[in-house]
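All remarks here apply to the structure that follows.
Throughout, residue positions are numbered sequentially from 1 according to the sequence presented.
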Amino acid sequence: MERGPPRPGGPWARVLLAASVLGSCLQPAPVQSTRPPGTIVLSPPSPVVGGGVSLAPRDPPQNVLSCAWFRSATTDETRRILTYYPSAPSAPSIGPAHTGRETGGPGCALHIAGVTLSDTGTYSLLMEAPGNRVLTAVLLRVWEMLPRPMVTPNQTLVPENGTFSLTCNSSPSADTRLWLRDGEPLGPSRRLVLSPDNHTLTVLNVTRGDAGAFQCEVRNAVSSKRSEPSPVTVTYGPDSARIDPPGPILLPLGSPLTLTCVADSVPAPSYRWALNGTDTGQTGSSFTLTLTTSAQQGTYECQAHNSGTSLTAWASVSVLEMLPRPTVTPNQTLVPENGTFSLTCNSSPSADTRLWLRDGEPLGPSRRLVLSPDNHTLTVLNVTRGDAGAYQCEVGNAVSTNRSEPSPVTVTYGPDSARIDPPGPILLPLGSPLTLTCVADSVPAPSYRWALNGTDTGQTGSSFTLTLTTSAQQGTYECQAHNSGTNLTAWASVAVRVPGPDSPPPGADSGLSAGAIAGIVIGSLAGVALAGVAASFLYSRCWNEPPQAKAAPVLVYENLPPTACAGGAAPPRSPPDPGPTYETLQPRQPDVYEELK
């Protein structure tokens, strides 16, 4: 049995010899290896140049006496790296193939530090145990971290329909090469030709779409690198040219103008400008002028020439004088209803016609519309609400028309009346929220104030929000809508009541029959009529009695306001609600509905 002793003649040699003799006494014949070759595991699986790697058998035999590593597929002594004795504390036996970077480890492992590309190859392990001998091998491949590749084009300025090629210069240890344009992998194409190892890319029948930044990407088991972008430019055009803005261009005298010539061309073309066929001496893609005389009118032409392709394209545009935008001057913009206002159209003297419009529609003839002989001034008499709007004048001549910016005229009016939403009477239980909204048609928008039972609440705004928490909050809510422009005021009121303890909640089923309900309605109407007659009678008595009779008025209802017929003038207040008689002429006890029950 082949074995590499650590030191010839040393004490371990005698121990091994004794073990060999003892083994021969215990076993009748030498035992051949009956164990299948083991597997050597690399850690890491893909070692990198400069790093370390460990080679270890997956399932070594039991009671291994020695582990011999060879830098070859055979057990050639000249290729032995070292022999390791797991049970002996002495150093391993170094072989001819040892580089000084290899060490043995537990489990018959071999550690190689600072691996290089030259460490790539087949490694064998011979493990010997009593009655068993196992030889196994593994291929170790050392990888390098790839450097960044570089792309070399044969040309960077390629004519349309031409051909160009790119070469990827990279490390020989690269396994794959991939080509990209503008960061995207190049798909297969009949116009793309690759060398067998993808080292060279050739593009045939070049199109404008082939222009871009080309890169190659190289990879191996441990790294991938991508080159810096290598730009390729495709020369073409110009196929055509155009001038912005397009014509014909109509300009008022004194207006600046910039013409821009646009031509799709690589490289960028050179430009020259002409007017009515005469070279202006102007170059560049833009031509700026101010139209000050009629001599500057005519046909402007640009010439775009590509020196790379020797192609030229032309474009032209017509420039003519046009009327400037007129302006409208009103004598006033806030006009009272039934008043008068006038508008003046300021325009160029070269305007032949003037047309007046309101809200974009031409004004038709009317006895209230007065025009000056040249339509220069418009006067509106007896102004109505429908005369409000945005007024314009439009001027025209033989080559152009122009319309002024809208000039708003506002007609002030109102408020003629007001209302409160929701309408009353409103019956709500305590704790209920309530929002009252006052609506009044008025220009400008009116200001609002709110009163309760004739007393100002201090609340303003078109909406009044409250929560009925006490019975003191019930009564007549009144809103006053005042227009500061017309100095007109309108009033509206609504009654808000809290039901008594015996009153059914709003919407509840009263349980009354149709006849009872009809009786209640008829009785209510009769009560209202009677109250109206009584009020009329009291009013007549109050104003027709001699002064001595007014001193002691007779109160028919307990809740009549004491100022109704009492001596002395009532303090000034807002005009009363159109129906206060029905709200105040209500006896406290007994309730009409209770009597009808």
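- For Asp456 (side chain) and Ala451 (main-chain N/O), no donor-acceptor pair under 3.5 Å exists by modelled atom type.
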Would you give me the side-chain donor-acceptor pairs under 3.5 Å for residues 249-263, sequence neighbours excluded?
residue, atom, partner, partner atom, Å
Ser255, OG, Pro252, O, 2.9
Thr258, OG1, Thr288, OG1, 3.1

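- Asp387 contributes atom CG, which lies 4.0 Å from atom CZ of Arg368 (distance to the nearest 0.5 angstrom).
- Using a 4.5 Å heavy-atom threshold, the side chains of Thr412 and Pro444 count as touching.
- Nearest heavy atoms, Leu452 versus Gln474: CD1-O, 4.0 Å.
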Output, in order, the C-alpha distance, side-chain angles, deciding distance and verdict of side chain to side chain contact (heavy atoms under 4.5 Å, CB included) for Thr156 and Val232.
CA-CA 5 Å; Thr156 57; Val232 172; 5.7 Å; no

Would you sort out whether Glu405 and Thr327 count as a side chain to side chain contact (heavy atoms under 4.5 Å, CB included), showing the intermediate values?
CA-CA 7 Å; Glu405 292 289 340; Thr327 60; over 6 Å; no

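- Across every non-hydrogen atom of Gly284 and Tyr271, the tightest pair is O-CB, 3.3 Å.
- When side chains are defined from C-beta on, Pro149 counts as touching Lys225, because their heavy atoms get closer than 4.5 Å.
- Side-chain atoms of Gln155 come within 3.5 Å of backbone N or O of Thr163 as a donor-acceptor pair.
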Might you work through the side chain to side chain contact (heavy atoms under 4.5 Å, CB included) test for Leu201 and Leu194, ending with a clear yes or no?
CA-CA 5 Å; Leu201 168 68; Leu194 290 168; 3.6 Å; yes

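- Between Glu144 and Asn220, the shortest heavy-atom distance links the atoms O-ND2, 2.9 Å.
- Contact between Pro406 and Pro408 at its shortest, heavy atoms only, is O-CD, 3.7 Å.
- Expressed to the nearest 0.5 Å, how far CD of Glu217 lies from CG of Leu146 amounts to 10.5 Å.
- Shown here for Leu343 and Pro330, the closest heavy-atom pair between the two residues is CD2-CB, 3.3 Å.
- Taking CG of Leu320 as the start and CD of Gln296 as the end, the distance is 12.5 Å to the nearest 0.5 Å.
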Could you list the donor-acceptor pairs under 3.5 angstrom formed between side-chain atoms of residues 303-314 and any protein atom two or more places apart in sequence or on another chain?
residue, atom, partner, partner atom, Å
His305, ND1, Leu311, O, 3.4
His305, ND1, Thr312, OG1, 2.7
Asn306, OD1, Gly308, N, 2.7
Asn306, OD1, Thr309, N, 3.3
Asn306, ND2, Tyr236, O, 3.1
Asn306, ND2, Gly237, O, 3.0
Asn306, ND2, Ser265, OG, 2.8
Asn306, ND2, Val266, O, 3.2
Asn306, ND2, Thr309, OG1, 3.3
Thr309, OG1, Gly237, O, 2.6
Thr309, OG1, Leu311, N, 3.4

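- Considering Thr202, Leu186, Leu204 in turn, Leu186 is the only one that fulfils the side chain to side chain contact (heavy atoms under 4.5 Å, CB included) rule with Leu192.
- Put simply, the side chain of Gln282 does not reach to within 4.5 Å of the side chain of Leu289, judged on heavy atoms.
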Go through the steps for Ser171 and Ser173 under the test side-chain hydrogen bond (donor to acceptor under 3.5 Å, both in side chains), then give the verdict.
CA-CA 5 Å; Ser171 169; Ser173 61; 3.0 Å; yes

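- Using a 30° and 60° split on the angle between ring planes, Phe214 and Phe164 fall in the perpendicular class, above 60°.
- Pro415 places a side-chain heavy atom less than 4.5 Å from the side chain of Leu488.
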Stepwise, does the side chain to side chain contact (heavy atoms under 4.5 Å, CB included) test hold for Arg177 with Val218?
CA-CA 5 Å; Arg177 292 181 183 87; Val218 294; 3.7 Å; yes

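- Considering Cys345, Ser404, Ser400, Pro324 as possible partners of Val395, the one that fulfils the side chain to side chain contact (heavy atoms under 4.5 Å, CB included) test is Cys345.
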What verdict does the side-chain hydrogen bond (donor to acceptor under 3.5 Å, both in side chains) test give for Asp197 and Ser195, after you've listed the backbone C-alpha separation in whole Å, the side-chain angles of each residue and the deciding distance to 0.1 Å?
CA-CA 6 Å; Asp197 56 357; Ser195 61; 3.0 Å; yes

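- In this structure, Met150 CE and Gln215 CD are separated by 14.0 Å, a value rounded to the nearest 0.5 Å.
- Formation of a donor-acceptor pair under 3.5 Å by the Asn338 side chain with backbone atoms of Asn382 is not found in this model.
- With values rounded to the nearest 0.5 angstrom, Ser318 atom OG is found 9.5 Å from Ile243 atom CD1.
- Of all the heavy atoms in Thr152 and Asn169, the pair that sits closest is OG1-ND2, 2.8 Å.
- One distance of note links CG of Leu355 with CG of Asn375; it measures 8.0 Å at 0.5 Å rounding.
- Arg219 places no side-chain N or O within 3.5 Å of a backbone atom of Ala174 that could act as its donor or acceptor partner.
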